[in-house]
Structure formats: C-alpha cells, structure tokens
Visitor: 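There's a structure below that I have some questions on.
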2 protein chains.
Amino acid sequence: MSNISDMIEAFIMDNLGDDEHLDISRNELANFFNVAPSQINYVLSTRFNYERGFLTESKRGGGGYITIMRADEDNSVWLHGILDRLNRDVDFRTACYIVDELIEKKFMEDCQGDVIKSAISPQALSNPFKLENRLRAQILRRIIMKNKAKKSDSD
Amino acid sequence: MSNISDMIEAFIMDNLGDDEHLDISRNELANFFNVAPSQINYVLSTRFNYERGFLTESKRGGGGYITIMRADEDNSVWLHGILDRLNRDVDFRTACYIVDELIEKKFMEDCQGDVIKSAISPQALSNPFKLENRLRAQILRRIIMKNKAKKSDSD
DNA sequence: GTATAATAAAGGTCAAAGAAAGTCAAACAA
DNA sequence: TTGTTTGACTTTCTTTGACCTTTATTATAC
C-alpha cells in the first residue's frame with residue numbers, strides 16, 4: 001500500500017461500497033490526495049476498467065463529474081469468452097453470429113439485436129481509415145458491458 | 001456537481017408541467033437565479049432545442065417575453081428533420097436526445113434505445129482519427145432507416 | 001390631434017473567460 | 001523493465017459581459 005494510486009483505488013472502492021455506481025469530482029479527489037488530476041485518470045484506467053468489471057462516464061466543463069459503475073460480478077465463462085474475442089477486430093459476419101448467440105442465450109432481446117446489427121453494419125461504419133472491424137468490436141463490447149451492468153442492477 | 005444551467009432547466013420543466021407551452025420573462029428568470037440574462041438563452045439553446053422536442057418564440061421591447069413550447073409535429077416532417085440533422089456530425093449528448101425522442105414518439109423501444117446509446121457512446125467510438133461525431137451520425141442514420149423500412153414493411 | 005423624435009424596456013448575439021475533465025509523453029521509482 | 005507520478009497542452013461545457021436590435025411608451029413639433 002505504499003503508492004498513492006493504490007490508496008486512491010481503496011478510497012474509491014470504500015466510497016462505492018455495495019452501490020452500483022459512484023459520482024466523483026476529479027479535481028476534488030486529486031486535491032484531497034494532493035496529486036495531479038491526471039493521476040485520477042490513471043487510477044481509473046488501470047483499476048476501474050472493464051477488464052476489472054467497471055465502466056466510467058464523465059462530463060467536462062462547469063459542474064463536470066466522473067461516474068464509476070460496477071459492470072459485473074458473475075463472470076460467466078461464456079460471456080468472458082465473447083468479450084475476449086472483442087478485444088480484437090471483428091468482421092460483420094462474425095459479429096452477427098455473436099449477436100445471435102447473445103439473443104439465443106437470452107442476454108438481450110430480438111429487437112435489440114436488430115438495431116445492433118444496423119449499428120455495426122459496414123454501411124454504418126464506413127470510414128476512410130479502415131477502422132471498421134476495430135470499431136465494430138469496440139461497439140459490441142461496450143453494448144455488452146452496459147447490458148451486463150444493467151442486468152445486475154435489476155437483480 | 002449541479003451547475004446553474006441544470007437548475008434553470010429543472011425550474012422551467014417544473015413550471016411547464018404537462019402544459020403545451022410556458023411564457024417566461026428572460027430578465028426576471030435571470031434575476032431570480034442571479035445570472036447573466038444571456039445564460040437563459042444558453043439554457044434554451046442547449047436544453048429546450050428542437051432535438052429535445054421544444055421550440056421557442058420571443059418578442060423584444062416593452063412587454064417582451066419568451067415562450068417555450070413542446071414541439072408536436074407531424075411524424076413525417078419530424079423524422080425528416082432528424083434524418084436531416086444526421087447528415088452532419090453529431091455529438092453524444094445530442095445523439096442521446098435524439099434517441100430519447102425516438103423512444104418517446106414510439107419509434108422504437110426503451111431497450112433498443114439503451115443498446116443504441118451504448119453503441120454510439122464516446123467509449124465505443126473512440127478512434128485515432130477524430131471520426132467520432134461522423135460515425136455516430138452514420139450509425140444513427142442507418143438504424144433509423146432500417147427501423148423505418150421494417151415498420152412500413154409490417155404496415 | 002397627428003406625426004415624429006427620444007427614451008426606456010425588453011430580448012439577441014457573440015466572444016472571452018472560467019471550470020471542469022481528457023491526453024500524452026517525459027520523468028521517476030520499484 | 002514495468003508501473004507511477006507529474007505537468008503541459010487539449011477539448012468540452014458553462015458563465016459572464018459588452019454591444020446590438022426590436023418594441024412600446026413618452027415627449028415634442030407642427
């Protein structure tokens with residue numbers, strides 16, 4: 001426990017308690033621990049990332065904030081496998097299989113699968129920098145993490 | 001947390017209630033919240049704009065006023081307006097307003113809106129080429145067109 | 001009395017300043 | 001070498017203020 005990042009992590013965990021999410025002010029927290037504000041980002045990205053079961057959201061400007069959310073506790077092997085695949089690029093066909101699997105396993109509704117397929121279609125993701133497969137993986141991963149967080153919310 | 005613009009927004013929403021429109025005096029309101037009058041304009045343009053389903057009208061000079069109205073337009077015109085908006089880049093906040101409006105107007109389900117918001121979040125669309133707003137608009141467009149096609153299919 | 005000019009009372013616009021959070025790379029420590 | 005810490009610079013959203021335009025009322029001229 002000698003480094004400050006660990007202390008900040010502990011502090012956040014403590015304040016989170018059993019809650020699903022926690023709002024913090026980056027500057028206040030940095031001030032409290034007497035560190036550069038960007039260190040808070042460092043802690044968030046190394047400790048409160050999706051691999052560790054967390055998601056974050058934020059707003060800049062006056063009245064800005066950072067929200068830290070729990071994404072998951074029950075890490076089913078199956079879902080873990082899918083998320084793992086989504087760390088790499090994914091083409092449209094493979095992505096559709098994944099979506100179908102998510103529906104079949106009751107992870108999401110039919111109607112949700114439809115909009116997702118639209119969202120990750122080659123047409124939706126066309127861009128001049130050959131980023132299509134990368135973006136598709138990112139989008140799917142985000143959708144899954146969010147959906148997971150919401151599911152455990154209503155449990 | 002909590003900035004004044006959000007408080008003013010809440011105040012206006014509160015006073016609007018279920019009504020179709022509300023008349024306010026810019027100066028009075030600014031005075032009440034102890035802010036520059038132009039901040040009222042800021043709140044109106046960021047919170048009570050077309051994407052959020054509002055229209056405003058005003059008159060200057062003695063006895064001037066601002067009217068805030070709920071915009072209930074004919075569906076085709078309305079959807080056309082949204083698609084038009086999606087020909088340009090769209091930031092996340094605006095996109096969320098659009099999705100909320102699509103849900104409110106029964107164009108799609110709640111649960112669909114959730115996955116869409118995940119799909120178009122800054123996190124999902126982060127990329128090294130500053131394409132975020134462009135991609136977001138593309139994705140939303142695609143989803144709407146598809147959904148529309150499906151709806152008119154079953155009519 | 002009517003026409004016109006001046007004044008006051010609104011609201012509008014825009015840009016600068018301020019207040020957050022984000023990024024990235026260099027320095028540092030284990 | 002890997003993980004931490006810091007700081008300079010960037011982006012986004014909010015707040016403020018100076019200046020502009022429109023409308024209503026009041027004063028003045030004829």
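No hydrogens, no waters, no symmetry mates; every other heavy atom, side chains included, goes into these values. Computed from a predicted structure; not experimentally measured. Per chain, numbering begins at 1; letters A, B, ... match sequence-line order.
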Visitor: Are B/Ser25 and C/dA10 close enough that a side-chain N or O sits under 4.0 Å from OP1 or OP2?
Guide: no
Visitor: Are any protein N/O atoms closer than 3.5 Å to N/O atoms in nucleotides 5-10 of chain D? If there are, list each pair with its distance.
Guide:
{"from": "D/dT5", "atom 1": "OP1", "to": "A/Ile4", "atom 2": "N", "distance (Å)": "2.9"}
{"from": "D/dT5", "atom 1": "OP2", "to": "A/Ser5", "atom 2": "N", "distance (Å)": "2.9"}
{"from": "D/dT5", "atom 1": "OP2", "to": "A/Ser5", "atom 2": "OG", "distance (Å)": "2.6"}
{"from": "D/dT5", "atom 1": "OP2", "to": "A/Gln39", "atom 2": "NE2", "distance (Å)": "2.4"}
{"from": "D/dT5", "atom 1": "O5'", "to": "A/Gln39", "atom 2": "NE2", "distance (Å)": "3.2"}
{"from": "D/dT6", "atom 1": "OP2", "to": "A/Gln39", "atom 2": "OE1", "distance (Å)": "3.4"}
{"from": "D/dG7", "atom 1": "N7", "to": "A/Ser38", "atom 2": "OG", "distance (Å)": "3.4"}
{"from": "D/dG7", "atom 1": "O6", "to": "A/Ser38", "atom 2": "OG", "distance (Å)": "2.5"}

Visitor: Partners of B/Asp23 by salt bridge (Lys or Arg N to Asp or Glu O under 4.0 Å), sequence neighbours excluded?
Guide: none
Visitor: Could you tell me how far apart A/Asn41 (CG) and C/dA25 (P) are, to the nearest whole angstrom?
Guide: 15 Å
Visitor: Can you check the B/Leu29 CG to D/dT16 P distance for me, whole Å?
Guide: 14 Å
Visitor: As a test of reading the structure: which of C/dG11, D/dT23, D/dC13 is closest to the side chain of B/Lys59, going by heavy atoms?
Guide: D/dT23
Visitor: Measure the shortest side-chain to side-chain distance between B/Phe48 and B/Glu9 over non-hydrogen atoms and say whether it is less than 4.5 angstrom.
Guide: yes
Visitor: Applying a 4.0 Å non-hydrogen cut-off, can you work out what B/Ile66 is touching in the nucleic acid: base, sugar-phosphate, or nothing?
Guide: sugar-phosphate
Visitor: Identify whether the distance between the nearest side-chain nitrogen and carboxylate oxygen of B/Arg52 and B/Asp100 falls below 4.0 Å.
Guide: no
Visitor: Any chance CD of B/Glu109 has more than 12 other-residue heavy atoms, nucleotides or ligands included, within less than 6.0 Å?
Guide: no
Visitor: CZ of B/Arg26 versus P of D/dT23: gap in Å, rounded?
Guide: 15 Å
Visitor: Which atom pair, heavy atoms only, marks the closest approach of A/Leu16 to A/Ile68?
Guide: CD1-O, 4.3 Å
Visitor: Which residues pass the side-chain hydrogen bond (donor to acceptor under 3.5 Å, both in side chains) test with B/Tyr97, not counting sequence neighbours?
Guide: B/Arg93
Visitor: Hey, are B/Asp18 and B/Arg70 close enough for a salt bridge, meaning a charged N less than 4.0 Å from a carboxylate O?
Guide: no
Visitor: By nearest nucleotide on DNA chain D, pick out whichever of B/Arg93 and A/Thr46 is the more 5' one.
Guide: A/Thr46
Visitor: Whole Å only: how far is the CG atom of B/Asn49 from the P atom of D/dC13?
Guide: 13 Å
Visitor: Separation of A/Asn31 atom CG from C/dA20 atom P, in whole Å?
Guide: 11 Å
Visitor: Base, sugar-phosphate alone, or nothing: which one does A/Gly61 contact when heavy atoms must sit under 4.0 Å apart?
Guide: base
Visitor: What integer distance in Å separates A/Glu28:CD from C/dA21:P?
Guide: 9 Å
Visitor: Given atom CG of A/Asp23 and atom P of C/dA20, what is their separation to the nearest angstrom?
Guide: 15 Å
Visitor: Please tell me if A/Arg47 has a side-chain N or O lying less than 4.0 Å from either OP1 or OP2 of D/dG3.
Guide: no
Visitor: Could you tell me how far apart A/Glu57 (CD) and D/dC13 (P) are, to the nearest whole angstrom?
Guide: 13 Å
